[in-house]
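These notes concern the structure reproduced below.
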Amino acid sequence: MIDPRPSVFARRLSPIRRVVAVGGGKGGVGKTTVATLTALAAASAGHRVGLLDLDIHGGAAHLFLGIEPSFPEEEAGILPFEGAFGLRFMSATSFSGDRPLALRGTEVSDAIAELLAVTVWPELDLLLIDLPPGLGESLLDVMRFVPRAEIVAVTTASLPSVRVADRFLSAVGSAAPVLGVVANMIDGNSGAADPVVRLAARFSAPVLASVPNDPALESAIGRPEALLKTTSAAALDGVVNTLVGA
Ligand SMILES: Nc1ncnc2c1ncn2[C@@H]1O[C@H](COP(=O)(O)OP(=O)(O)OP(=O)(O)O)[C@@H](O)[C@H]1O
Ligand SMILES: [Mg+2]
């Protein structure tokens, strides 16, 4: 049977010029950090930017942005929050708060579909999707529901992270353009993070940024202006330029 939902999602996303999913497969490598800092940096540079947190179980982007979960406004759909620098934001945590969501596989799919179906995005230059960890159903759902999404992969230079990022890019790269790879939590003296350079080369993609291991990040979480002053945010310039131009 034909699934009618992707055409609804396509209509909801139609005011958006570019949709970019930030993933990587491995948990805890900095996908949410890279997605939120890139979204904030692009918004503060004057671009119209949205951030959609599709990590249904582990949603954390609201913490970086300092947005308290509260039920969003309805207007023939649900309006995304307007955060710092006009950044538009939507997440399952808007509905669940910080309570755990006891959802099984198909229910997680339904929650992703619901967020894509009800959110009324305004005209945007860029929508970043913060993907959950893993290569399973949620990732496949997002790729099926949002076939126009382009991909940015995040990995550390550590072997397990690079290996899983390789699998992530193999899983999505045949269906979606890979814009590049972000190396995260790179030690100051580890140079160009060779494993990440080799990973990007295997997918004929550039290394868009090399983000240092940044001890100042933690104290800036929840404060967008402070986040933008971190060296991590500055290191993401190359990502912002690739996604929305200089
Ligand atoms: N460059 C960095 N320097 C220091 N700490 C970092 C850096 N990048 C991310 N972190 C920290 O590492 C932790 C994990 O980051 P984050 O939540 O962005 O990872 P994730 O890949 O989205 O995780 P998950 O797989 O659970 O979604 C957070 O506490 C974050 O603040
Ligand atoms: Mg995350």
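Note that ligands are numbered from 1 as they come in the structure, with each ligand's atoms numbered from 1 the same way.
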When you compare ligand 1 with [X], is there at least one nitrogen or oxygen pair between them that comes in under 3.5 angstrom?
X	result
D130	no
V29	yes
G30	yes
T33	yes

So is [X] in contact with ligand 1, going by heavy-atom distances below 4.0 Å?
X	value
I221	yes
G24	no
A60	no

Is any heavy atom of the protein nearer than 4.0 Å to atom 28 (C) of ligand 1? no
Below 4.0 angstrom, counting only protein heavy atoms, does anything approach atom 7 (C) of ligand 1? yes
From the Mg ion (ligand 2), how many protein N/O/S atoms are found at a distance short of 2.8 Å? 1
Using a heavy-atom cut-off of under 4.0 Å, does the side chain or the backbone of [X] touch ligand 1, or both, or neither?
X	value
P215	neither
V154	neither
V34	neither

Nearest-option assignment for atom 1 (N) of ligand 1, heavy atoms, candidates A233, P212, S232: P212
Atoms in ligand 1 flagged as close to [X], the criterion being non-hydrogen separation under 4.0 Å:
X	result
L217	2 (C), 5 (N), 6 (C), 7 (C), 8 (N), 10 (N)
G27	25 (O)
P133	25 (O), 27 (O)

Contacts table for residues 136-143: side-chain donor-acceptor under 3.5 angstrom, sequence neighbours left out:
{"residue": "D141", "atom": "OD1", "partner": "R144", "partner atom": "NH2", "Å": "3.3"}
{"residue": "D141", "atom": "OD2", "partner": "S109", "partner atom": "OG", "Å": "2.4"}

Can a side-chain donor-acceptor contact be found between T93 and S91 if the only test is distance below 3.5 angstrom? yes
